[in-house]
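Since the structure is predicted, the reported quantities are computational estimates derived from the model, not experimental observations.
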Amino acid sequence: MNNNREIIAILRERIPSFECVKGCHDCCGPVTTSSEEMSRLPVKTNAEHEAALDEWNCVHLGPNGCKVYEERPLICRVFGTTPNMPCPNGCRPEEMIDSKTERQIHHYIANTRQVLV
């Protein structure tokens, strides 16, 4: 894995998907993400960020859920796919994320500049 864009793409492919409870947004609190992932998301104003933080929500959470679901950061994608970050509603993929990929995701997060979403 050479650059951050390649790393993100490879890690995203390895994260299993699953169906959430309709209307749930328990994993949509304020999170940090890499500058690379942030550059793929729509720019929000300071006022929008502050309003979301006041509610302990993500700035990209809309009335019908995540407005950037296809581009959501790795930390959002891994939520519910590992016993270390379980879904409070018990939702999960058929097969949980493998421990090697989970370690690689956390290594990427720990070793990149993180910004508040």
Side-chain angles (χ1 to χ4, degrees):
M1 293 188 253
N2 296 335
N3 66 47
N4 285 344
R5 190 172 297 266
E6 289 175 7
I7 293 168
I8 292 166
I10 290 167
L11 293 174
R12 281 181 172 191
E13 289 175 8
R14 295 181 184 167
I15 300 171
S17 62
F18 64 97
E19 184 111 5
C20 296
V21 172
K22 190 173 177 99
C24 177
H25 56 83
D26 288 349
C27 64
C28 299
V31 296
T32 61
T33 190
S34 67
S35 299
E36 178 71 37
E37 290 180 284
M38 192 66 164
S39 71
R40 300 163 83 145
L41 301 176
V43 175
K44 298 293 186 173
T45 66
N46 286 340
E48 289 171 308
H49 279 279
E50 288 177 26
L53 284 173
D54 286 346
E55 300 294 320
W56 284 97
N57 285 327
C58 174
V59 71
H60 297 289
L61 179 63
N64 298 315
C66 181
K67 296 191 288 185
V68 295
Y69 190 80
E70 292 303 316
E71 288 298 330
R72 70 195 185 283
L74 289 169
I75 195 66
C76 302
R77 291 169 186 268
V78 77
F79 189 89
T81 67
T82 171
N84 297 318
M85 295 175 68
C87 169
N89 294 306
C91 297
R92 56 170 282 173
E94 285 184 32
E95 192 171 318
M96 297 293 260
I97 195 171
D98 64 88
S99 59
K100 179 181 177 187
T101 299
E102 183 178 1
R103 282 192 308 274
Q104 289 173 328
I105 290 167
H106 290 295
H107 180 267
Y108 173 81
I109 290 168
N111 290 284
T112 56
R113 180 176 178 265
Q114 297 287 298
V115 294
L116 186 63
V117 174

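Residues Leu53 and Leu41 do not share a hydrophobic cluster, clusters being chains of Ile/Leu/Val/Met/Phe/Trp/Tyr side chains in contact below 4.5 Å. Leu61 and Val31 fall into different hydrophobic clusters, where Ile, Leu, Val, Met, Phe, Trp and Tyr are joined by side-chain heavy atoms under 4.5 Å apart, directly or via other members. Residues Leu74 and Met85 are members of one and the same hydrophobic cluster, defined by side-chain heavy-atom contacts under 4.5 angstrom among Ile, Leu, Val, Met, Phe, Trp and Tyr. A single hydrophobic cluster is seen to contain both Ile8 and Met38, as judged by linkage of ILVMFWY side chains at heavy-atom distances under 4.5 Å, directly or through other members.
Taking Lys100 as the reference, Asp98, Arg103, Gln104 meet the side chain to side chain contact (heavy atoms under 4.5 Å, CB included) condition, with sequence neighbours excluded. Scanning for side chain to side chain donor-acceptor pair (under 3.5 Å) contacts around His25 gives an empty result, with sequence neighbours left out. Legend: residues meeting side chain to side chain contact (heavy atoms under 4.5 Å, CB included) with Val59, ordered by chain and number and at least two apart, are Lys44, Glu48, His49, Ala52, Val117. For Pro63, there are no side chain to side chain contact (heavy atoms under 4.5 Å, CB included) partners at least two apart in sequence or on another chain. Considering only residues two or more places apart in sequence or on other chains, Asn89 meets the side chain to side chain donor-acceptor pair (under 3.5 Å) condition with none of them. Remark: Asn111 engages His107 in a side chain to side chain donor-acceptor pair (under 3.5 Å) (not counting sequence neighbours).
A distance of 9.5 Å separates CD of Glu94 from OG of Ser17, quoted to the nearest 0.5 Å. Atom CD of residue Glu13 and atom OG1 of residue Thr101 lie 11.0 Å apart, to the nearest 0.5 angstrom.
Considering every non-hydrogen atom in both Cys87 and Phe79, the closest pair reads CA-CE2, 4.0 Å. Across Pro93 and Gly80, no two heavy atoms sit closer than the pair CD-O, 3.4 Å. Looking at every heavy atom in both residues, Pro88 comes nearest to Asp26 through CG-OD2, 3.2 Å.
Residues Ile15 and Ile105 are in side-chain contact: their nearest non-hydrogen atoms beyond the backbone lie under 4.5 Å apart.
Every pair passing salt bridge (Lys or Arg N to Asp or Glu O under 4.0 Å) that includes a residue from residues 60-82 is listed here, sequence neighbours excluded: Arg12-Glu71, Arg40-Glu71. For residues 28-38, the side-chain hydrogen bond (donor to acceptor under 3.5 Å, both in side chains) pairs, not counting sequence neighbours, are Arg5-Glu36, Thr32-Gln114, Thr33-Glu37, Ser34-Glu37, Ser34-Tyr108, Ser35-Arg113. Each side-chain hydrogen bond (donor to acceptor under 3.5 Å, both in side chains) pair with one or both residues in residues 51-65, not counting sequence neighbours, would appear here, but there are none.
The hydrophobic cluster containing Val21, built from Ile/Leu/Val/Met/Phe/Trp/Tyr side-chain heavy atoms closer than 4.5 Å, comprises no other residue.
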